[in-house]
Amino acid sequence: MHFATTTLMTLVMKWLGYVQPSHLPLSELVKFVFFANLSIVGMNVSLMWNSVGFYQIAKLSIIPLLCIMEVLFENFRYSRDTKLSIVVVLVGVGVCTVSDVSVNAQGLVAAVIAVCGTALQQHYVNYLQRKYSLNSLKLLGHTAPAQAASLLILGPFVDFWLTRNRIDTFHYTSTVTSGPISANSYALEDSPPSRFK
């Protein structure tokens, strides 16, 4: 639903002239969507199979992995202060969640997939924006429709494979459906079109 809403809004913004046409090759789009969907599914499965504490630690391990990728692939150098800041945050989260950490083999695999997928996606965002001179809204205009389509088509099958439950048998209540709708509405209200000129 999020990516469908994003697709709709980027189309409206293109129609209104706030987003100029841009180009992103199909091969790059497919790679990005793969990494992004791996991140989304991996994070959700990690949260489903692990404790909240382990999930939070896994999320925070994205930061050092992304830093390592930038050092290896972009020859980026971090200051000593930045490195120390990352260590302090990681230690702090470790201390806060040490009593709430439980993990199993499948949860660990899901967390590793989620962390790697998210780091690759973040690295690829930076790469695509630089290489094709895309701002974040132009990149979203290319990626959101592909992500919406791929998740709408593949999502129910992956969900069934992981949970053995079909999404059409879930008991949808107004509480369950109002959360995503209000979150998407708020995100749209928080992004005035004039900001993207």
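Counting from 1, the numbers follow the sequence of the chain as shown. Worth saying up front: this structure is predicted, and the values here are computed from it rather than measured.
Here NE2 of His123 is found 13.0 Å from CD1 of Ile68. Values are rounded to the nearest 0.5 Å. One finds the CG atom of Leu26 at 11.0 Å from the NZ atom of Lys31 (value rounded to the nearest 0.5 Å). Between Asn104 atom CG and Asn50 atom CG the span is 6.0 Å, to the nearest 0.5 Å. Here Leu66 contributes atom CG and Ser61 contributes atom OG; the two are 11.0 Å apart, rounded to the nearest 0.5 Å. Rounding to the nearest 0.5 angstrom, the gap separating the NZ atom in Lys131 from the CG atom in Asn126 is 13.5 Å. In this structure, CE in Met48 is found 5.0 Å from CG in Leu162, a value given to the nearest 0.5 Å.
A donor and an acceptor atom, one from each side chain of Asn37 and Gln147, are located under 3.5 Å apart. Of the N and O atoms on the side chains of Thr82 and Ser79, at least one donor lies less than 3.5 Å from an acceptor on the other residue.
For Val33 against Ala146, the heavy-atom pair with the smallest separation is CG2-CB, 3.6 Å. When all heavy atoms of Lys138 and Asn135 are compared, the pair lying nearest together is N-OD1, 2.7 Å. For Val45 against Ala110, the heavy-atom pair with the smallest separation is CG1-CB, 3.6 Å. Taking both residues in full, the closest heavy atoms of Ala119 and Leu65 are given as CB-CD2, 3.7 Å, listed atom of the first, atom of the second, then distance. Across all their heavy atoms, Thr118 and Ser39 have their closest contact at OG1-OG, 2.6 Å.
Side-chain contact between Gln56 and Val52: present, with at least one pair of heavy atoms (C-beta onward) separated by less than 4.5 Å. Considering only heavy atoms from C-beta on, Gln20 stays 4.5 Å or farther from Lys14 through its side chain. The shortest distance between side-chain heavy atoms of Tyr55 and Met43 falls below 4.5 Å. You'll find the side chain of Leu108 reaches within 4.5 Å of the side chain of Phe54, heavy atoms only. Residues His142 and Phe32 have side chains not in contact (no heavy-atom distance under 4.5 Å, counting atoms from C-beta outward). You'll find the side chain of Leu120 reaches within 4.5 Å of the side chain of Met69, heavy atoms only. Counting only heavy atoms from C-beta outward, the side chains of Gln122 and Phe35 never approach each other to under 4.5 Å. With a 4.5 Å cut-off on side-chain heavy atoms, Tyr124 and Leu128 count as touching.
Ionic pairing of Glu74 and Arg130 is present here: one or more N-O contacts between side-chain nitrogen and carboxylate oxygen are shorter than 4.0 angstrom.
Remark: Tyr78 engages Phe76 in a ring-ring contact (aromatic ring centres under 6.0 Å, His included) (not counting sequence neighbours).
In terms of hydrophobic clustering, with Ile, Leu, Val, Met, Phe, Trp and Tyr side chains grouped at heavy-atom distances under 4.5 Å, Leu154 and Leu29 are assigned to different clusters. Two different hydrophobic clusters hold Val125 and Leu140 under the rule that ILVMFWY side chains link at heavy-atom gaps under 4.5 Å. Under a hydrophobic-cluster definition in which Ile, Leu, Val, Met, Phe, Trp and Tyr are linked whenever side-chain heavy atoms come within less than 4.5 Å, directly or via other members, Ile40 and Ile153 are assigned to different clusters. Placement of Leu84 and Val91 in two distinct hydrophobic clusters is found when ILVMFWY residues are connected by side-chain heavy-atom separations under 4.5 Å, directly or transitively. Both Tyr127 and Phe73 belong to a single network of hydrophobic side chains, linked directly or stepwise wherever heavy atoms of I, L, V, M, F, W or Y lie under 4.5 Å apart.
Put simply, the side chain of Asp159 never gets that close to the backbone of Gly155: no donor and acceptor are under 3.5 Å apart.
For Tyr132, the OH atom is densely surrounded, since the number of other residues' heavy atoms within 6.0 Å is greater than 12.
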(request) Tell me, with the steps shown, if Ile63 and Leu60 meet side-chain contact (heavy atoms from CB on, under 4.5 Å). (result) CA-CA 6 Å; Ile63 298 167; Leu60 278 175; 3.7 Å; yes
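Checked against the 6.0 Å centroid criterion, the rings of Phe157 and Phe160 do not qualify as a close aromatic pair.
Arg166 pairs with exactly one of Asp168, Thr163, Thr169 by the side-chain hydrogen bond (donor to acceptor under 3.5 Å, both in side chains) rule, that one being Asp168.
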